[in-house]
Amino acid sequence: MPELPEVEVTRLSFASRISNSTVLSVQIGKPLRWPLGCLPAHLVGANVSSVRRRGKYLLLDLDRGLLLVHLGMSGSLSFTQAGGSGSAMGAHDHFELRTTAGTLRLNDPRRFGAVVFAPADDAPIVGKLLSHLGMEPLSDDFDVHAFYAGLKRRKASIKQVLLAGDVVVGVGNIYASEALFHAGIRPTVRANRLSLPRASKLHAAVKMVLARAVERGGSTLRDFSSTDGQTGHFQLEAMVYGRTGEPCRVCGTAVKNIRQGQRSTFFCAKCQKM
DNA sequence: AAAAGCCCCTGGATGC
DNA sequence: TGCATCCAGGGGCTTT
(Lines give C-alpha, C1' and ligand atoms only; values in the text may rest on other atoms or scores of the structure.)
Protein backbone atom coordinates (compact mmCIF):
# COMPACT_ATOMS: atom_id res chain seq x y z
CA MET A 1 0.00 0.00 0.00
CA PRO A 2 1.45 2.99 1.35
CA GLU A 3 4.59 4.49 -0.05
CA LEU A 4 5.90 7.87 0.96
CA PRO A 5 3.09 9.88 -0.64
CA GLU A 6 0.35 7.88 1.06
CA VAL A 7 2.13 8.08 4.40
CA GLU A 8 2.64 11.81 4.01
CA VAL A 9 -0.97 12.38 2.94
CA THR A 10 -2.03 10.37 5.98
CA ARG A 11 0.20 12.47 8.23
CA LEU A 12 -1.13 15.74 6.84
CA SER A 13 -4.69 14.55 7.36
CA PHE A 14 -4.41 14.28 11.14
CA ALA A 15 -1.19 15.85 12.43
CA SER A 16 -2.69 19.20 13.31
CA ARG A 17 -5.86 17.64 14.64
CA ILE A 18 -4.14 15.32 17.12
CA SER A 19 -1.47 17.78 18.23
CA ASN A 20 -1.63 18.87 21.86
CA SER A 21 -4.06 16.15 22.80
CA THR A 22 -3.84 13.72 25.68
CA VAL A 23 -4.22 9.95 25.40
CA LEU A 24 -7.35 8.70 27.16
CA SER A 25 -7.22 5.00 26.32
CA VAL A 26 -5.51 2.48 24.08
CA GLN A 27 -6.94 -0.62 22.50
CA ILE A 28 -5.11 -3.45 20.83
CA GLY A 29 -6.41 -5.96 18.27
CA LYS A 30 -4.54 -8.90 16.80
CA PRO A 31 -0.73 -8.91 16.84
CA LEU A 32 0.98 -6.75 14.23
CA ARG A 33 4.48 -7.16 12.84
CA TRP A 34 6.13 -6.25 16.13
CA PRO A 35 4.85 -5.96 19.67
CA LEU A 36 3.94 -2.51 20.98
CA GLY A 37 6.90 -2.48 23.32
CA CYS A 38 4.99 -1.34 26.40
CA LEU A 39 1.71 -2.01 28.12
CA PRO A 40 -1.12 -0.12 26.42
CA ALA A 41 -1.86 1.49 29.79
CA HIS A 42 1.60 3.06 29.77
CA LEU A 43 0.45 5.42 27.01
CA VAL A 44 -2.57 6.70 28.90
CA GLY A 45 -2.06 10.28 30.02
CA ALA A 46 0.67 10.94 27.47
CA ASN A 47 0.56 14.21 25.58
CA VAL A 48 0.83 14.05 21.78
CA SER A 49 2.71 17.10 20.56
CA SER A 50 3.35 16.51 16.86
CA VAL A 51 3.46 13.95 14.07
CA ARG A 52 6.53 13.60 11.89
CA ARG A 53 7.45 11.20 9.11
CA ARG A 54 10.66 9.34 8.38
CA GLY A 55 10.54 7.26 5.20
CA LYS A 56 7.33 5.28 5.49
CA TYR A 57 7.20 5.58 9.29
CA LEU A 58 4.94 8.00 11.10
CA LEU A 59 6.45 9.29 14.33
CA LEU A 60 4.07 10.51 16.99
CA ASP A 61 5.93 12.64 19.50
CA LEU A 62 4.78 11.93 23.01
CA ASP A 63 6.00 13.65 26.14
CA ARG A 64 7.16 10.25 27.37
CA GLY A 65 8.63 8.89 24.14
CA LEU A 66 7.90 8.16 20.54
CA LEU A 67 5.20 6.11 18.89
CA LEU A 68 6.28 4.68 15.54
CA VAL A 69 3.51 3.68 13.16
CA HIS A 70 4.12 1.74 9.98
CA LEU A 71 1.28 0.92 7.58
CA GLY A 72 2.91 -2.13 5.97
CA MET A 73 1.15 -3.23 2.79
CA SER A 74 -2.49 -2.88 3.69
CA GLY A 75 -2.64 -0.49 6.62
CA SER A 76 -4.56 2.74 6.82
CA LEU A 77 -5.37 5.12 9.62
CA SER A 78 -8.61 6.84 10.46
CA PHE A 79 -9.06 9.76 12.81
CA THR A 80 -12.47 10.47 14.26
CA GLN A 81 -12.93 13.85 15.87
CA ALA A 82 -13.77 13.78 19.57
CA GLY A 83 -17.46 14.02 20.38
CA GLY A 84 -18.61 11.34 17.96
CA SER A 85 -20.22 8.17 19.21
CA GLY A 86 -17.22 5.98 18.42
CA SER A 87 -17.65 2.57 16.84
CA ALA A 88 -16.43 -0.82 18.04
CA MET A 89 -13.11 -2.17 16.75
CA GLY A 90 -13.63 -4.02 13.46
CA ALA A 91 -12.09 -7.36 12.53
CA HIS A 92 -9.08 -5.60 10.99
CA ASP A 93 -8.69 -2.78 13.47
CA HIS A 94 -5.58 -3.62 15.46
CA PHE A 95 -4.65 -0.44 17.28
CA GLU A 96 -6.63 2.46 18.63
CA LEU A 97 -5.44 5.59 20.38
CA ARG A 98 -8.31 7.52 21.92
CA THR A 99 -7.29 11.07 22.76
CA THR A 100 -8.95 14.26 23.96
CA ALA A 101 -8.92 15.47 20.33
CA GLY A 102 -10.21 12.32 18.68
CA THR A 103 -9.55 8.67 17.99
CA LEU A 104 -6.74 7.38 15.80
CA ARG A 105 -7.29 3.86 14.55
CA LEU A 106 -5.15 1.50 12.47
CA ASN A 107 -6.95 -0.84 10.10
CA ASP A 108 -4.62 -3.42 8.58
CA PRO A 109 -5.99 -6.68 7.10
CA ARG A 110 -2.61 -8.22 6.35
CA ARG A 111 -0.99 -7.05 9.59
CA PHE A 112 2.40 -6.28 8.06
CA GLY A 113 2.10 -2.92 9.75
CA ALA A 114 3.27 -2.04 13.23
CA VAL A 115 2.88 0.34 16.13
CA VAL A 116 5.94 0.50 18.36
CA PHE A 117 6.57 2.58 21.45
CA ALA A 118 10.09 3.82 22.17
CA PRO A 119 10.80 5.57 25.47
CA ALA A 120 13.16 8.05 23.81
CA ASP A 121 14.34 9.22 20.40
CA ASP A 122 17.60 7.35 20.89
CA ALA A 123 16.08 4.11 22.19
CA PRO A 124 17.57 0.96 20.62
CA ILE A 125 14.36 0.11 18.82
CA VAL A 126 14.40 3.48 17.05
CA GLY A 127 17.94 2.87 15.88
CA LYS A 128 17.05 -0.60 14.73
CA LEU A 129 14.12 0.59 12.67
CA LEU A 130 15.33 3.95 11.39
CA SER A 131 19.11 4.12 11.41
CA HIS A 132 19.72 2.35 8.12
CA LEU A 133 17.26 4.54 6.24
CA GLY A 134 18.51 6.65 3.33
CA MET A 135 17.90 10.27 2.37
CA GLU A 136 14.47 11.91 2.51
CA PRO A 137 13.59 12.57 -1.12
CA LEU A 138 11.42 15.62 -0.44
CA SER A 139 13.85 17.33 1.88
CA ASP A 140 16.98 19.36 1.26
CA ASP A 141 19.21 16.52 2.36
CA PHE A 142 18.38 14.69 -0.88
CA ASP A 143 21.57 15.78 -2.55
CA VAL A 144 22.15 14.75 -6.15
CA HIS A 145 25.85 14.00 -5.61
CA ALA A 146 25.15 11.93 -2.52
CA PHE A 147 22.49 10.09 -4.54
CA TYR A 148 24.95 9.42 -7.36
CA ALA A 149 27.57 8.24 -4.86
CA GLY A 150 25.01 5.92 -3.28
CA LEU A 151 24.16 4.37 -6.63
CA LYS A 152 27.84 3.94 -7.47
CA ARG A 153 28.22 1.61 -4.51
CA ARG A 154 25.51 -0.77 -5.69
CA LYS A 155 25.57 -3.42 -8.38
CA ALA A 156 21.93 -4.47 -8.06
CA SER A 157 19.34 -3.23 -10.53
CA ILE A 158 18.36 0.40 -10.14
CA LYS A 159 14.74 -0.57 -9.45
CA GLN A 160 15.75 -2.76 -6.53
CA VAL A 161 18.16 -0.17 -5.17
CA LEU A 162 15.36 2.39 -5.17
CA LEU A 163 13.10 -0.06 -3.35
CA ALA A 164 15.70 -1.03 -0.78
CA GLY A 165 15.47 2.38 0.88
CA ASP A 166 19.03 2.66 2.07
CA VAL A 167 20.00 5.24 -0.55
CA VAL A 168 16.71 7.11 -0.71
CA VAL A 169 13.59 6.30 1.34
CA GLY A 170 9.92 6.20 0.54
CA VAL A 171 10.03 4.95 -3.04
CA GLY A 172 7.93 1.80 -3.18
CA ASN A 173 6.78 -0.40 -6.00
CA ILE A 174 4.49 2.08 -7.73
CA TYR A 175 6.75 5.10 -7.61
CA ALA A 176 9.93 3.21 -8.50
CA SER A 177 8.43 2.22 -11.85
CA GLU A 178 6.99 5.69 -12.36
CA ALA A 179 10.20 7.56 -11.53
CA LEU A 180 12.26 5.32 -13.80
CA PHE A 181 9.82 5.95 -16.63
CA HIS A 182 10.08 9.71 -16.20
CA ALA A 183 13.86 9.46 -16.14
CA GLY A 184 13.90 7.23 -19.24
CA ILE A 185 15.88 4.56 -17.42
CA ARG A 186 15.45 0.79 -17.84
CA PRO A 187 14.61 -0.74 -14.42
CA THR A 188 17.09 -3.57 -14.94
CA VAL A 189 20.17 -1.38 -15.34
CA ARG A 190 22.73 -1.90 -12.59
CA ALA A 191 22.72 1.14 -10.32
CA ASN A 192 26.48 1.65 -10.56
CA ARG A 193 26.28 1.88 -14.34
CA LEU A 194 24.29 5.11 -14.34
CA SER A 195 26.22 8.20 -15.37
CA LEU A 196 25.98 11.37 -13.30
CA PRO A 197 23.64 13.03 -15.81
CA ARG A 198 21.30 10.03 -15.78
CA ALA A 199 21.45 9.69 -11.98
CA SER A 200 20.65 13.35 -11.82
CA LYS A 201 17.65 12.90 -14.09
CA LEU A 202 16.44 10.09 -11.84
CA HIS A 203 17.00 12.25 -8.75
CA ALA A 204 14.71 14.89 -10.26
CA ALA A 205 12.16 12.28 -11.37
CA VAL A 206 11.94 10.77 -7.88
CA LYS A 207 11.28 14.19 -6.36
CA MET A 208 8.79 15.15 -9.04
CA VAL A 209 6.80 11.91 -8.93
CA LEU A 210 6.58 11.80 -5.13
CA ALA A 211 5.66 15.47 -4.82
CA ARG A 212 3.02 15.13 -7.50
CA ALA A 213 1.60 12.03 -5.83
CA VAL A 214 1.30 13.88 -2.52
CA GLU A 215 -0.57 16.66 -4.35
CA ARG A 216 -2.98 14.12 -5.78
CA GLY A 217 -3.64 12.54 -2.39
CA GLY A 218 -1.52 9.44 -3.06
CA SER A 219 -2.58 6.34 -5.01
CA THR A 220 -5.62 4.30 -4.08
CA LEU A 221 -5.30 0.88 -5.69
CA ARG A 222 -7.67 -0.97 -3.43
CA ASP A 223 -8.27 0.54 -0.06
CA PHE A 224 -5.98 3.42 0.75
CA SER A 225 -7.51 6.52 2.26
CA SER A 226 -6.23 9.29 4.51
CA THR A 227 -7.50 9.63 8.08
CA ASP A 228 -10.51 11.61 6.94
CA GLY A 229 -11.51 8.96 4.40
CA GLN A 230 -10.24 10.76 1.28
CA THR A 231 -8.94 8.42 -1.43
CA GLY A 232 -5.96 9.19 -3.68
CA HIS A 233 -5.99 9.85 -7.40
CA PHE A 234 -2.40 9.53 -8.56
CA GLN A 235 -3.06 6.04 -9.98
CA LEU A 236 -5.13 7.73 -12.69
CA GLU A 237 -2.06 9.43 -14.06
CA ALA A 238 0.39 6.56 -13.69
CA MET A 239 2.47 6.23 -16.86
CA VAL A 240 3.34 2.54 -16.50
CA TYR A 241 2.36 1.08 -13.11
CA GLY A 242 -0.41 -1.49 -13.50
CA ARG A 243 -0.66 -0.84 -17.25
CA THR A 244 0.70 -4.12 -18.65
CA GLY A 245 -0.07 -4.41 -22.36
CA GLU A 246 -1.64 -0.97 -22.54
CA PRO A 247 -0.09 1.63 -24.85
CA CYS A 248 2.63 3.85 -23.45
CA ARG A 249 1.16 7.32 -22.96
CA VAL A 250 4.14 8.81 -24.77
CA CYS A 251 4.95 6.48 -27.68
CA GLY A 252 2.14 3.93 -27.82
CA THR A 253 4.33 0.87 -27.32
CA ALA A 254 2.74 -1.79 -25.10
CA VAL A 255 3.86 -1.48 -21.47
CA LYS A 256 5.91 -4.43 -20.26
CA ASN A 257 5.70 -6.21 -16.93
CA ILE A 258 8.67 -8.13 -15.52
CA ARG A 259 9.53 -9.57 -12.07
CA GLN A 260 12.42 -8.22 -10.06
CA GLY A 261 12.95 -9.70 -6.62
CA GLN A 262 9.42 -11.11 -6.43
CA ARG A 263 7.86 -7.73 -7.25
CA SER A 264 6.26 -6.51 -10.47
CA THR A 265 8.06 -3.86 -12.48
CA PHE A 266 6.44 -1.92 -15.31
CA PHE A 267 8.25 -0.06 -18.06
CA CYS A 268 8.15 1.06 -21.68
CA ALA A 269 10.88 -0.67 -23.67
CA LYS A 270 11.02 2.19 -26.15
CA CYS A 271 11.01 5.18 -23.78
CA GLN A 272 13.35 3.39 -21.37
CA LYS A 273 15.97 1.95 -23.67
CA MET A 274 18.78 1.53 -21.17
C1' DA B 1 29.36 -5.93 2.36
C1' DA B 2 25.95 -6.75 -0.67
C1' DA B 3 22.62 -9.52 -3.20
C1' DA B 4 19.02 -12.97 -3.55
C1' DG B 5 15.23 -15.57 -1.51
C1' DC B 6 11.93 -16.41 2.02
C1' DC B 7 8.54 -15.20 4.91
C1' DC B 8 5.01 -12.74 7.70
C1' DC B 9 -0.82 -12.41 6.56
C1' DT B 10 -5.53 -11.74 4.46
C1' DG B 11 -8.47 -11.13 0.64
C1' DG B 12 -9.71 -10.21 -4.14
C1' DA B 13 -9.49 -11.79 -8.95
C1' DT B 14 -9.17 -15.47 -12.06
C1' DG B 15 -9.45 -20.11 -13.80
C1' DC B 16 -11.03 -24.90 -13.76
C1' DT C 1 -20.93 -22.69 -6.27
C1' DG C 2 -16.56 -24.40 -4.76
C1' DC C 3 -11.76 -24.81 -4.62
C1' DA C 4 -6.96 -23.93 -6.07
C1' DT C 5 -3.73 -20.61 -7.57
C1' DC C 6 -1.72 -16.22 -8.06
C1' DC C 7 -1.14 -11.60 -6.86
C1' DA C 8 -0.99 -7.25 -3.89
C1' DG C 9 1.44 0.10 -1.83
C1' DG C 10 6.72 -3.53 2.71
C1' DG C 11 10.72 -4.96 4.67
C1' DG C 12 13.43 -7.77 8.14
C1' DC C 13 16.00 -12.00 8.43
C1' DT C 14 18.69 -15.77 6.65
C1' DT C 15 21.43 -17.67 3.31
C1' DT C 16 24.71 -17.23 -0.40
Side-chain angles (χ1 to χ4, degrees), chain A residues 1-11 29-35 53-58 68-77 90-95 106-116 124-134 137 149-179 188-193 206 209-210 212-214 216-226 231-238 240-244 257-266:
Chain A
M1 125 344 125
E3 305 181 32
L4 183 148
E6 291 74 30
V7 176
E8 181 63 9
V9 165
T10 296
R11 188 186 74 81
K30 288 188 189 170
L32 293 163
R33 175 159 199 158
W34 299 299
R53 180 189 55 73
R54 177 75 176 100
K56 296 172 189 169
Y57 286 90
L58 287 170
L68 293 82
V69 178
H70 197 289
L71 301 178
M73 285 280 267
S74 58
S76 62
L77 290 172
H92 300 304
D93 293 329
H94 303 304
F95 182 81
L106 173 68
N107 181 275
D108 185 5
R110 292 177 73 180
R111 291 189 279 127
F112 289 171
V115 180
V116 175
I125 186 69
V126 178
K128 180 180 165 184
L129 296 178
L130 306 184
S131 66
H132 67 281
L133 297 181
L151 299 188
K152 271 290 164 218
R153 275 183 256 117
R154 307 290 297 275
K155 284 191 191 168
S157 71
I158 184 60
K159 156 81 179 326
Q160 289 178 279
V161 170
L162 286 177
L163 279 190
D166 46 6
V167 177
V168 58
V169 293
V171 183
N173 211 39
I174 296 177
Y175 302 108
S177 283
E178 291 300 304
T188 49
V189 183
R190 290 173 184 275
N192 63 353
R193 303 296 293 263
V206 165
V209 162
L210 295 178
R212 174 65 183 161
V214 171
R216 301 292 285 127
S219 296
T220 297
L221 297 187
R222 168 169 290 131
D223 50 16
F224 169 73
S225 66
S226 59
T231 57
H233 303 281
F234 183 86
Q235 74 280 4
L236 300 174
E237 54 194 71
V240 288
Y241 184 85
R243 302 191 62 244
T244 310
N257 177 16
I258 58 173
R259 307 279 306 171
Q260 291 181 285
Q262 285 101 277
R263 315 291 300 275
S264 273
T265 299
F266 303 86

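Here is the naming used below: chain letters follow the sequence lines, and residue numbers restart at 1 for every chain.
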For C/dA8, does the base pair up with any side-chain atom of A/R263 as donor and acceptor (N or O, under 3.5 Å, distance only)? no

What's A/H94 touching, base or sugar-phosphate or nothing? Going by heavy atoms closer than 4.0 Å. nothing

Distance flag, aromatic centroids of A/F234 and A/Y175, threshold under 6.0 Å: yes

With a 4.0 Å cut-off on heavy atoms, is A/G261 in touch with a base, just the backbone sugar-phosphate, or nothing at all? nothing

Interatomic distance, A/L68 CG vs C/dG10 P [rounded to whole Å]: 18 Å

Kindly write out the residues that satisfy side-chain hydrogen bond (donor to acceptor under 3.5 Å, both in side chains) with A/K56, not counting sequence neighbours, or none if the list is empty. none

Would you classify A/F234 as touching base, sugar-phosphate or nothing, given that sugar-phosphate means primed atoms plus P, OP1 and OP2, and contacts are heavy atoms under 4.0 Å? nothing

Under a plain distance cut-off of 3.5 Å, with no hydrogens placed, do A/S74 and A/D108 share a side-chain donor-acceptor pair? yes

Check the distance between B/dA2's C1' and A/R154's CZ and give it to me in whole angstrom. 7 Å

Any donor-acceptor pair under 3.5 Å linking the side chain of A/Q260 with the backbone of A/Q160? no

Of A/L129, A/I125, A/L68, which is the lone residue that meets side-chain contact (heavy atoms from CB on, under 4.5 Å) with A/W34? A/L129

What contact category does A/S264 fall into here, base, sugar-phosphate, or nothing, at under 4.0 angstrom with non-hydrogen atoms? sugar-phosphate

Starting at the 5' end of DNA chain B, write a dot or bracket for each base, bracketing those in Watson-Crick or G-U wobble pairs whose two distances are under 3.5 Å and using | for partners on another strand. .|||||||.|||||||

Measuring only between side-chain heavy atoms, which start at C-beta, is A/R33 closer than 4.5 Å to A/V116? no

Give me the distance, rounded to whole Å, that separates C/dC3 from B/dC9 when you measure between the P atoms they each carry. 23 Å

Report which part of the nucleic acid A/R190 touches: base, sugar-phosphate, or nothing (heavy-atom distance under 4.0 Å, all strands). nothing

